[in-house]
Amino acid sequence: MRQVASEEVDVRSLEHALRKTIEGEVRFSPGDRALYSATGANYRQLPIGVVIPRTVDDVIATVTACRDHGAPLLSRGGGTGLAGQTTNVAVVIDFSKYLNRVLEIDAERKLARVEPGLILDHLRHAAEQEHQLTFGPDPSTHEYCTLGGMIASNSCGVRSVMAQFYGPGPRSSDNVHELDILLYDGRRLQVREGTSGDPEIDRRLTELRDRYADRIRARYPDIPRRVSGYNLDDLLPEKGLNVARALAGTESTCVTILGATVHLLHSPPVRSLLVLGYGSAADAGDHVMDVLEHKPLGLEGVDETLITDMTMLGRHNEDLSLLPDGRGWLLVEFGGETKDEADEKARKLMAELKKKGRDAPSGMKLYDDPPSEQHVWQVRESGLGATAFIPGKPDTYEGWEDSAVPPERVGQYLRDLGKLAGKYGYESALYGHYGQGCIHARWNFDLKTAEGIRKYRSFVDEAADLVLSHGGSISGEHGDGQSRAELLPKMFGPELVEGFREFKSIWDPDWKMNPGKVVDPYGITENLRLGTDFAPARVKTHFSFSKDHGSFGHATTRCVGIGKCRRTEGGVMCPSYMVTREEKHTTRGRAHILWEMLNGEELELWRDKEVFEALDLCLSCKGCTHDCPVNVDLPTLKAEFLSHYYERRLRPRTAYAFGLIDQAARLASKVPALVNFVTQTRPFDAVAKAAMGVSQKRHIPPFASPTLTDWFTRRPERDGAGGRRVILWADTFTNYFHAKIGAAAVEALEDAGYYVVIPQCAGHLCCGRPLYDYGMLDLARRYAEKVIDHLRDDIRAGTPVVGIEPSCVAVFKDEFPKLLTLDEDAERLAKQAFHLSEFLAQEGYEPPPLPGKALLHGHCHHKATGGISPEKKLLERMGLEVEELDSGCCGMAGGWGYEPDHYEVSMACGERVLLPKVREASPETLVVADGFSCRSQIEQGGTGRGAMHLAEVIKLAREQGSIPPYPGRALSAPSRKNGRVRAAAALLGASALATAAFAYRSK
Ligand SMILES: Cc1cc2nc3c(=O)[nH]c(=O)nc-3n(C[C@H](O)[C@H](O)[C@H](O)COP(=O)(O)OP(=O)(O)OC[C@H]3O[C@@H](n4cnc5c(N)ncnc54)[C@H](O)[C@@H]3O)c2cc1C
Ligand code: SF4
Ligand code: SF4
């Protein structure tokens, strides 16, 4: 009854029918299925296929086709479900790409009509900006989880406390007014309080409810976070036969949600954060009720282990040291129309708590600066994902991560749960929504051995008994899915579980909706993504993957499906998803498809075209290495993949043109005038671009003459030159293209009192940055070894190595140690390599004054390897009013944005924030961008502006002291010249091809 395996469905015929009938996308390839085979839960099931509907009519047609073919169905939003409810052997309907709009906000009635794929924050921003309203329950995944997913899982969040005290109730179900639903049999209904819109269904629901009413009243715990089980209690007469609420939390097992009307509540515009310290997390839990009397908007608990774990991960140290005394904390949020009003509520609570004598908190802190408050919340919010991989500790998993008890039992439950875990040798931070009794954890289960899995199963059994003995719920917000469904008879008894079966049968008599989840479930230990047969291909790699025990396989497992890489704005990760809105172009999608490739069930090891395609739009921006809570490192995975994918194969021309740009530039620098004439003159530039495989819409940057190294070598000896020795790294881009920036950097360092040395050697020195982007790792290793050999004495002498181009500094800080694991000097270099601004700021350099305004765009590699706050501070010290752009990756990403196939996405990345902001900037505003790629994108992105490197800004300040109009104006486009130099064009084309041939032979 339960599972319908894909073999029982005529998949080809189904796919054909879908392609014929729907306007949206139909994806049935192995790669597409692999992308949807897992979420953040412990489970993996390959779907039959994926449909991405453009319209509600598409959804209806999809359900019809599935019905005609007897195929099971599963809806999906952000794919962040943590209980295994979002994976199945079914046709997956992904609502998130197109059906994601706010349809209407009725401020008077405090209602919003939404499509199911709408991201929660998109609703909250619209409701807040226009009407000071909000949707109460806010999962930590609020930036990318969808309303459909939230309603179907009955999600909650920090502000569920606000929704409980000031709104319709804590859970998503409490905040649903009406649902537009589709049954598997094709009926479309509007369900709400009092009716399903179908008299026969109403009759059956009423009959079911009447039969089970007494048991429901007896067995459903009256606590804020009862999320386990179907909401049969919402059918009771005292709740008005609320069919919409009863269907919320059914996890795609009953109906498909086509739209929802949800309740909004007033959102106090100003918030205050009060943190209370106690002797332990359990002590903090004991005092939850004292705080709840004051009706806060949020009441969270954090324990010492979470703080230690976060400190070990290097996240938010500074801010955490500002927590008040204690080993367990309550985070209390109050709201008001003004800051005084919100603070006053917090102070009142503090005054009352002080009177409690021995029961008073050991420390209290009312925060008064928004950045610190934000950081404390971030630490709490990122807990569930970030604690998956703590250095030196075993990996941890979901599985007992959201149980809930009555709030007054939190302290005792924490003590008992800690004891039970100790009995099993499990460890976890215990934190979460203490104000509503919901406790989060990630346990070090062993999900790879038979014994480990038996132990895990036994633990959840005992944990379920424990939470029920406290009058609690097995799930307090993530739902039952597969992780907990098998335990439901313990909580509700066999009769009510039979009631659940009957309820499901009313909606889904054919049992085709998300089969095996919630009702008649798969076992907790079935379909495990790891499991006893987990045996990813063991592969030999170029990189060490030392944070992953030397395993490429573990590095792909690192993605725990949190979904932060599905954010649509803010931060760097993940630029390609931000513009394509495709799962395939998220960090998660890429990590998952690599995982599936190693798993070997559907995808070919190293050679699979679909894996290549998923990785192709990765800009190697390193956003994920920094922004992903578990630091999934896609650039390294991609470089490793490409190195194997191209083994014994010719790479595309661009790989040689850009991968070996240092060699080509070295040759070109011998005849810069000739090469510039060709590359900057129409129509020869077109020939050159074609030869190199560059998009015709791009411009090849002109070569500098002289190069930085030539200028440096030839300049007169400085009188009395002295100071501490500093190595300035003459990267390929600065040396051959933007040499003036290099000269400005030399002068800035000399102005700061340093003796500048630019390393040169008989052959050629290059960090090899572009080689990584094209997976040319054998060559990259040779380059790295040469650099280290050349710098070895200076590295050992502790000489700082300062870089001008952020992406090259990032190679020293990030790539070298991963590639040259056996060379201690690579580690040393990583510690003594600095971005120019980082170095000047740490050395206390006093920059010359330059009043005015600046727009600052940080290179994504700069952000991932130290951050750009030192740069911002330096510019501010100069007297500039700095606007730091939240512009993510500029979209150029080295040679990537020059490739014809990448041009559109590259420009779309730039157009997200950076290019419009530059266009809006006043003529006197400095546009500061340290990255060569970023400056090129600005110059070529139709802004009419050029950007300056920090070194140039310092030079401008020193030499002029004021900002001229349009500082750093864009270089002009290639001019039209006659055909006298055709030979030169041919020469360049030939040299490009020769480069390609050389590179191929050298493999
Ligand atoms: C790190 C992390 C932190 C989390 N924190 C919280 C938290 O604080 N609070 C909380 O409540 N949850 C939390 N979750 C769980 C999860 O984020 C929430 O349940 C979220 O609401 C799921 O939304 P989604 O869009 O990702 O849903 P999905 O995972 O895509 O789907 C969830 C369920 O809804 C069903 N569904 C989706 N769309 C429809 C539709 N149109 N019709 C019918 N069924 C549909 C799916 O089939 C599935 O059963 C967390 C998860 C992670 C990984
Ligand atoms: S890549 Fe990182 S942010 Fe994205 S889903 Fe995986 S763990 Fe989460
Ligand atoms: S490197 Fe950048 S583009 Fe690639 S997956 Fe990471 S965040 Fe996305």
Side-chain angles (χ1 to χ4, degrees), residues 39-41 59 74-83 85-86 88 92-96 99 115-117 119-120 137-142 144-158 160 171-172 181-182 227 247 250-260 381-386 388 398 401-402 432-433 438 440 476-479 481 513-514 517-518 558-567 572-577 585-592 615 617-635 637-638 860 888-889 893:
T39 62
V59 183
L74 167 68
S75 298
R76 173 162 161 143
T80 65
L82 268 181
Q85 67 270 65
T86 322
N88 215 327
V92 173
I93 305 180
D94 179 349
F95 283 89
S96 65
L99 291 169
E115 291 183 326
I119 290 175
L120 172 61
D138 57 341
S140 316
T141 47
H142 51 90
Y144 37 91
C145 71
T146 65
L147 266 297
M150 288 176 64
I151 293 168
S153 331
N154 209 359
S155 296
C156 310
V158 174
S160 281
R171 303 162 305 171
S172 289
I181 57 159
L182 184 66
V227 165
L247 278 173
T250 53
E251 303 179 8
S252 206
T253 59
C254 294
V255 299
T256 302
I257 300 169
L258 299 176
E381 275 193 358
S382 52
L384 207 48
E398 61 89 5
E401 83 293 347
D402 72 327
H433 313 289
C438 179
H440 285 324
E477 67 176 20
H478 301 155
M513 298 296 295
N514 206 4
K517 309 291 160 133
V518 187
R558 186 165 273 273
C559 168
V560 289
I562 299 158
K564 198 172 175 188
C565 47
R566 288 179 60 96
R567 275 185 312 185
V572 179
M573 174 179 72
C574 174
S576 47
Y577 175 73
H585 301 136
T586 60
T587 313
R588 176 174 77 180
R590 294 173 178 131
H592 280 180
L615 298 180
L617 287 196
C618 165
L619 293 92
S620 297
C621 71
K622 292 189 192 283
C624 43
T625 66
H626 181 259
D627 293 1
C628 162
V630 288
N631 308 108
V632 169
D633 182 355
L634 229 296
L637 292 169
K638 178 181 175 181
C860 41
C889 174

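Just so you know, these numbers use all the heavy atoms, side chains as well, and skip hydrogens, waters and symmetry mates. Order of listing sets the numbers, starting from 1, for every ligand and every atom in it.
Ligand 2 lies out of reach of Ala591, whose nearest heavy atom is not under 4.0 Å from it.
The proximity of Ile562 to ligand 2, defined as any non-hydrogen pair under 4.0 Å, involves the side chain as well as the backbone. Contact annotation for Pro116 and ligand 1: only side-chain heavy atoms (C-beta onward) come within less than 4.0 Å of the ligand. Counting heavy atoms under 4.0 Å from ligand 1, residue Val255 touches it through the backbone alone.
Scanning the protein heavy atoms around atom 2 (Fe) of ligand 2, the nearest turns out to be Cys628 SG, 2.3 Å. The protein atom (non-hydrogen) at minimum distance from atom 39 (C) of ligand 1 is Ser75 CB, 3.3 Å. Distance from atom 7 (C) of ligand 1 to its nearest protein heavy atom, with residue and atom name: Glu477 OE2, 2.9 Å. Atom 23 (O) of ligand 1 has its closest protein heavy atom at Cys145 CB, 3.4 Å. Taking atom 2 (C) of ligand 1 as the reference point, the nearest protein heavy-atom neighbour is Thr141 CG2, 3.8 Å. Looking only at protein heavy atoms, the nearest one to atom 12 (N) of ligand 1 is His478 CD2, 3.2 Å. Here the heavy atom of the protein found nearest to atom 5 (S) of ligand 2 is Gly563 N, 2.9 Å. At the top of the distance list for atom 30 (O) of ligand 1, counting protein heavy atoms only, stands Gly77 N, 2.7 Å. Scanning the protein heavy atoms around atom 32 (C) of ligand 1, the nearest turns out to be Ser153 OG, 3.4 Å. Annotation: atom 27 (O) of ligand 1 to nearest protein heavy atom, Gly149 CA, 3.3 Å.
Every atom of ligand 1 is numbered from 1 in the order shown, and the set under 4.0 Å from a heavy atom of Pro139 is 6 (C), 7 (C), 8 (O), 9 (N), 10 (C), 12 (N), 13 (C). The Ile562 neighbourhood of ligand 1 comprises atoms 1 (C), 53 (C), with distances under 4.0 Å to a heavy atom of that residue. The distance from ligand 1 to the heavy atoms of Gly79 drops below 4.0 Å at these ligand atoms: 24 (P), 26 (O), 28 (P), 29 (O), 30 (O). For ligand 1, the atoms lying closer than 4.0 Å to a non-hydrogen atom of Ser252 are 44 (N), 47 (O). With ligand atoms numbered from 1 in the order given, ligand 1 contributes 41 (N) to contacts under 4.0 Å with heavy atoms of Phe95. The distance from ligand 2 to the heavy atoms of Lys564 drops below 4.0 Å at these ligand atoms: 3 (S), 8 (Fe). Heavy-atom contacts of Thr146 reach the following atoms of ligand 1: 23 (O), 24 (P), 25 (O) (cutoff under 4.0 Å). The ligand atoms of ligand 1 that sit less than 4.0 angstrom from a heavy atom of Gly81 are 29 (O). Within ligand 2, counting atoms from 1 as listed, the ones closer than 4.0 Å to a heavy atom of Val630 are 7 (S). Residue Ala152 has at least one heavy-atom neighbour below 4.0 Å for each of these atoms of ligand 1: 34 (O), 35 (C), 36 (N), 44 (N), 45 (C).
A distance of 6.5 Å separates OG1 of Thr253 from CG of Asn514, quoted to the nearest 0.5 Å. For the atom pair Lys564 NZ and Thr587 OG1, the distance stands at 11.0 Å (nearest 0.5 Å). Rounding to the nearest 0.5 Å gives a distance of 8.5 Å between CD of Glu477 and CD of Glu401. For the atom pair NE2 of His478 and SG of Cys156, the computed distance is 9.0 Å after rounding to the nearest 0.5 Å. Ser620 OG to Leu634 CG: the interatomic distance, rounded to the nearest 0.5 Å, is 8.0 Å. Residue Asn631 holds its CG atom at 7.0 Å from OG1 of Thr625, rounded to the nearest 0.5 Å.
Where the criterion is an N or O separation shorter than 3.5 Å, residue side chain and backbone included, Thr256 fails it with respect to ligand 1. The shortest N or O to N or O distance between Gly78 and ligand 1 is below 3.5 Å. Between Gln85 and ligand 1, at least one pair of N/O atoms sits closer than 3.5 Å.
A search for side chain to side chain contact (heavy atoms under 4.5 Å, CB included) contacts involving Thr586 returns Cys565, Arg566, Tyr577, Glu583, Arg588, not counting sequence neighbours. Considering only residues two or more places apart in sequence or on other chains, Glu381 meets the salt bridge (charged side-chain N to carboxylate O under 4.0 Å, His left out) condition with none of them. Partners of Ser153 under the side chain to side chain contact (heavy atoms under 4.5 Å, CB included) rule, at least two apart in sequence or in another chain, are Gln85, Ser155.
Residues Pro137 and Leu120 share a closest heavy-atom pair of O-CD2, 3.6 Å. The shortest heavy-atom contact between Cys145 and Thr80 is CB-OG1, 4.1 Å. Scanning both residues, Leu258 and Pro116, for their nearest heavy atoms gives O-CD, 3.0 Å. Between Ile151 and Ser172, the shortest heavy-atom distance links the atoms CA-CB, 4.2 Å. Minimum heavy-atom separation, Gly432 to His440: CA-CD2, 4.0 Å. Smallest separation of non-hydrogen atoms from Val572 and Cys860: CG1-CB, 3.7 Å.
For the pair Arg558 (side chain) and Val630 (backbone), a donor-acceptor distance under 3.5 Å is present.
Looking only at side-chain heavy atoms (C-beta outward), His585 and Arg590 come within less than 4.5 Å of each other. Proximity of Phe95 to Leu147: side-chain heavy atoms (C-beta onward) are nowhere separated by under 4.5 Å. You'll find the side chain of Leu99 reaches within 4.5 Å of the side chain of Val59, heavy atoms only. Residues Leu247 and Ile181 meet the side-chain proximity criterion, which asks for heavy atoms closer than 4.5 Å. Residues Leu74 and Lys517 form no side-chain contact, since every pair of their non-hydrogen atoms from C-beta on lies 4.5 Å or further apart. No side-chain heavy atom of Ile257 sits less than 4.5 Å from a side-chain heavy atom of Ser75.
The closest non-hydrogen atom to atom 31 (O) of ligand 1, taken over Asn514, Thr86, Thr39, Ile151, comes from Thr86. Around atom 41 (N) of ligand 1, the closest heavy atom drawn from Ile257, Asp138, Val630, Val518 belongs to Ile257. With atom 4 (Fe) of ligand 2 as the reference point, the heavy atom nearest to it among Gly589, Gly561, Cys565, Cys559 is part of Cys565. For atom 8 (O) of ligand 1, the choice among Ser140, Gly40, Gly259 with the nearest heavy atom turns out to be Ser140. For atom 9 (N) of ligand 1, the nearest non-hydrogen atom from the set Ser155, Cys156, Ala83 belongs to Cys156.
Counting only protein N, O or S atoms, 1 lie closer than 2.8 Å to atom 4 (Fe) of ligand 3.
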